[in-house]
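Structure first, commentary second.
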Amino acid sequence: VAQWLMRIGYERDVEPYAQLAIEKREKRRMVETLSGKEKSVRNEQRLTAMWLLGISLKEQGRFTEAEAALRQAVQSVSEKHAALAQFELGHVLVRQGKLGEAARSYQLVLQSQPDSSRAHYNLGEISRSQRKWNEAIRHFRQAVSIDPSDAESQVRLGEVLVKSRNYDEAIIHFKQA
């Protein structure tokens, strides 16, 4: 700015004016940056509220509405919250009998949280309900390997092992429960 003013023949001391222009530009950039961050925070808060609304609607048995709220939250929240919303969406989809979609939802949870014993457990439950014994065994084994103290997973693994006639291993898991 100072150089431009000098080139056009401005006689006065231009340095203070140039400095003021630079400071104004920097303040404007800071305000724009803060405004963008505020919008981002507000958006995250709104979408977290959608996630919480979805949970609340699920608990009230309003599954169609819960599904809509959770799908909106899944698409837009941070990765951490998306996994949580995806997990809740899986529950809602199971309650609606949409097992294929629920399984995809739990698989998406595992992409970001591979050590989620509950996602493996829920996939095992879906497989068990569809009589896919080998698939159920695989998921329940994974759940048990992540959390050996989970009695529920131990029992379910034992049950599907009995269905596949693997009685010796089933007994081991029943005892560990």
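- Placement of V74 and L93 within a single hydrophobic cluster is found when ILVMFWY residues are connected by side-chain heavy-atom separations under 4.5 Å, directly or transitively.
- Y121 contributes no side-chain N or O that, together with a main-chain N or O of Q142, makes up a donor-acceptor pair within less than 3.5 Å.
- Taking all atoms of both residues into account, the shortest heavy-atom contact from L70 to A85 is CD2-O, 4.1 Å.
- When the options H173, R128, H139 are evaluated for a side-chain contact (heavy atoms from CB on, under 4.5 Å) with R156, the one that passes is R128.
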What's the verdict on side-chain contact (heavy atoms from CB on, under 4.5 Å) for L161 and W133, showing C-alpha distance, side-chain angles and the deciding distance?
CA-CA 8 Å; L161 287 167; W133 307 126; over 6 Å; no
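- Residues passing the side-chain contact (heavy atoms from CB on, under 4.5 Å) test with Q130, sequence neighbours excluded: L99, I126, K132.
- Atom CG in L52 sits 10.0 Å away from atom CG in L84 (nearest 0.5 Å).
- In terms of heavy-atom proximity, A66 sits nearest to G54 at CB-O, 3.4 Å.
- Taken from CD in E159 to CD1 in I137, the straight-line distance is 12.0 Å, to the nearest 0.5 Å.
- Under the 4.5 Å side-chain criterion, counting only non-hydrogen atoms from C-beta, I172 is in contact with Q176.
- Y106 places a side-chain heavy atom less than 4.5 Å from the side chain of V94.
- Side chains of Q60 and S56: a donor on one and an acceptor on the other come within 3.5 Å.
- Scanning all heavy atoms of the two residues, the minimum distance from A119 to L110 falls at CB-CD2, 3.7 Å.
- To the nearest 0.5 Å, atom OG of residue S105 and atom CG of residue N122 are 10.0 Å apart.
- Checking side-chain atoms of S127 against main-chain N and O of L123 turns up a donor-acceptor pair under 3.5 Å.
- The nearest pair of heavy atoms linking F140 to G124 is CZ-C, 3.3 Å.
- Summarising the geometry of V160 relative to A136, their closest heavy-atom pair is CG1-CB, 4.0 Å, with the distance given to 0.1 Å.
- Rounding to the nearest 0.5 Å gives a distance of 10.0 Å between OG of S145 and CG of L157.
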Residue pair K98, E67: steps toward the side-chain contact (heavy atoms from CB on, under 4.5 Å) verdict
CA-CA 11 Å; K98 299 176 180 179; E67 179 184 349; 3.0 Å; yes
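- Applying the side-chain contact (heavy atoms from CB on, under 4.5 Å) criterion to Y167, with sequence neighbours excluded, gives V162, R165.
- Nearest heavy-atom pair, Q113 versus A83, reported as atom, atom and distance to 0.1 Å: NE2-CB, 3.6 Å.
- Ion pairing between a basic and an acidic side chain is recognised when a charged N comes within 4.0 Å of a carboxylate O; R118 and D147 show no such pairing.
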side-chain contact (heavy atoms from CB on, under 4.5 Å) evaluation trace for D150 with Q154
CA-CA 6 Å; D150 182 4; Q154 295 281 5; 5.8 Å; no
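- By the 4.0 Å N-to-carboxylate-O rule, E101 lies close enough to R71 to be salt-bridged with it.
- In this structure, the side chains of V92 and Q96 come closer than 4.5 Å at one or more pairs of heavy atoms.
- Expressed to the nearest 0.5 Å, how far CZ of R95 lies from OG1 of T64 amounts to 12.0 Å.
- One distance of note links CZ of R104 with CD of Q86; it measures 10.5 Å at 0.5 Å rounding.
- Side chains of N166 and E169: a donor on one and an acceptor on the other come within 3.5 Å.
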